[in-house]
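Below is one structure, written out as C-alpha cells, with a few remarks after it.
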Amino acid sequence: MDMSSKEALIANMKQFLSISNCSIAIQPEFGITNSRVALLKFNSWPFTIKASVQPVAIKAWRPEFTSIHLTSLTSRWWIDVFWFMFVPYTVFTFKYLKIKQNPDCEVLVREVEKDIATSLGLQTSSHTVSDKIEFEKRYILEKTQNRRFDRNSPNSQVIHSIEIQRMVRQVSEVLPLVPHNVILRDLCM
C-alpha cells in the first residue's frame with residue numbers, strides 16, 4: 001500500500017476493503033502500555049476507513065517465574081523478539097467485543113476506546129503515543145545523567161544538601177560558563 005501520506009494510505013485501505021474479503025487490523029493507539037492504569041488515547045484516522053469496526057482487546061503476559069517483562073523503555077524491537085523466542089511461553093488473550101457502527105468517526109473512536117478499556121479493566125487516557133515517546137526520551141535522558149553523576153560523585157547524598165546547592169549558585173554567579181555538575185563535583189571532593 002502507498003504509505004507516502006495518511007490520505008493515500010486511507011484511500012488504499014478503502015479500495016482494498018471494497019474488492020477483498022479480508023480485514024485489516026490496526027492498533028489505533030499506535031503504541032503499547034503496561035496494562036496497569038490506562039490505554040493510550042486512540043487516534044481517530046483509522047476509524048475514517050469504515051463506519052463499522054470489530055474491536056479486539058489484546059492482553060499479553062509472561063509467567064511470574066521468568067520475571068522478564070514483555071518490553072521495556074530502553075529495549076529495541078529485536079531484543080523483544082529475542083526474549084519472545086527464548087522465554088518458555090507468553091500468553092496472549094484476545095477478547096472480541098461487540099461490533100461498533102457509527103458514521104461519525106469521532107464518536108466511534110471514543111466508544112471503541114471506552115469498550116476496550118472496560119474489557120481490560122483499565123481507564124481511558126488523554127495521553128497519546130507522542131506523549132509516551134516524549135516521556136520515554138526524558139526518562140532515559142534523566143536516567144543516563146543520574147548514572148553519570150553518581151559515578152563522578154563520591155557522596156551522592158551531599159547533593160540534597162541545601163548548603164551545597166547554595167555554594168554551587170555562588171560559584172555559578174562568579175563563573176557563569178562553568179557547568180553546575182562540574183562545580184558540584186569539585187565542591188564534593
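Below, all heavy atoms of this structure are taken into account, side chains as well, without hydrogens, waters or symmetry copies.
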Problem set entry | Worked verdict on Lys132 versus Phe135 for side chain to side chain contact (heavy atoms under 4.5 Å, CB included) | CA-CA 5 Å; Lys132 178 186 171 206; Phe135 172 77; 5.7 Å; no
For this session: Return the minimal non-hydrogen interatomic distance between Ala117 and Thr124, and the atom names on each side.
Result: CB-CG2, 3.9 Å
Problem set entry | Check: Asp80 and Trp78 side chains under 4.5 Å, non-hydrogen atoms | no
Problem set entry | Lys100 side chain near Asp115 side chain, heavy-atom distance below 4.5 Å | yes
Exercise. How far does CG of Asn12 sit from CD of Glu7, to the nearest 0.5 angstrom?
Worked result: 12.0 Å
For this session: Give, for atom CD of Glu113 and atom CG of Asn43, the distance between the pair rounded to the nearest 0.5 Å.
Result: 10.5 Å
Exercise. What is the minimum heavy-atom distance between Ala8 and Ser5, and which atoms define it?
Worked result: N-OG, 3.2 Å
Exercise. Can you check whether Gly31's main-chain N or O pairs, donor with acceptor, with Gln27's side chain at less than 3.5 Å?
Worked result: yes
For this session: Count the heavy atoms belonging to other residues, nucleotides or ligands that lie under 6.0 Å from CD of Gln170, then report whether that count exceeds 12.
Result: yes
Exercise. Any side-chain heavy-atom pair from Ile58 and Lys95 closer than 4.5 angstrom?
Worked result: no
Seminar exercise, completed: Nearest heavy-atom approach of Phe30 to Pro46 is CZ-CG, 3.9 Å
Problem set entry | Audit row: Ile24, Phe16, side chain to side chain contact (heavy atoms under 4.5 Å, CB included) steps and yes/no | CA-CA 9 Å; Ile24 297 176; Phe16 175 78; 3.9 Å; yes
Exercise. Given a cutoff of under 4.5 Å between side-chain heavy atoms of I, L, V, M, F, W and Y, with clusters grown through shared members, what are the other residues clustered with Leu97?
Worked result: Leu39, Phe42, Phe47, Val53, Leu108, Val109, Val112, Ile116, Leu120, Leu122
For this session: Give the ring-plane orientation class for Tyr96 versus Phe94, where under 30° counts as parallel, over 60° as perpendicular and anything between as tilted.
Result: parallel
Problem set entry | Pairwise distance NZ(Lys59) to OG(Ser119) - rounded to 0.5 angstrom | 9.0 Å
Problem set entry | Gln101 versus Ser52, closest heavy-atom pair with distance | CG-CB, 3.2 Å
Exercise. Should Val87 and Ile79 be counted in the same cluster of Ile, Leu, Val, Met, Phe, Trp and Tyr side chains packed under 4.5 Å apart?
Worked result: yes
Problem set entry | Ile19 with Ile49, same ILVMFWY side-chain cluster at under 4.5 Å | no
Problem set entry | Ionic contact status for Glu111 with Lys114, cut-off 4.0 Å | no
Seminar exercise, completed: Smallest heavy-atom separation, Thr128 atom then Leu40 atom, equals O-CD2, 3.9 Å
Exercise. How about Tyr139: does its OH atom have over 12 heavy atoms from other parts shown lying under 6.0 Å from it?
Worked result: no
Exercise. For Gln54, does the CD atom sit with more than 12 other heavy atoms under 6.0 Å from it, leaving out its own atoms?
Worked result: yes
Exercise. Would you say Glu173 and Val168 make side-chain contact, with heavy atoms under 4.5 Å?
Worked result: no
Exercise. Do the side chains of Lys41 and Glu29 get nearer than 4.5 Å, heavy atoms only?
Worked result: no
Seminar exercise, completed: Distance col, row Ser20:OG vs Met13:CE, nearest 0.5 angstrom, shows 13.0 Å
For this session: Start with the C-alpha distance between Lys14 and Leu17, add both sets of side-chain angles, then the distance that settles side chain to side chain contact (heavy atoms under 4.5 Å, CB included), and finish with yes or no.
Result: CA-CA 5 Å; Lys14 285 181 178 181; Leu17 290 172; 6.0 Å; no
For this session: Please list, chain by chain and in numerical order, all residues satisfying salt bridge (Lys or Arg N to Asp or Glu O under 4.0 Å) with Asp131, sequence neighbours excluded.
Result: none
For this session: Before giving the answer on side chain to side chain contact (heavy atoms under 4.5 Å, CB included), spell out for Cys105 and Trp45 the whole-Å C-alpha distance, their side-chain angles and the decisive distance to 0.1 Å.
Result: CA-CA 8 Å; Cys105 72; Trp45 76 259; over 6 Å; no
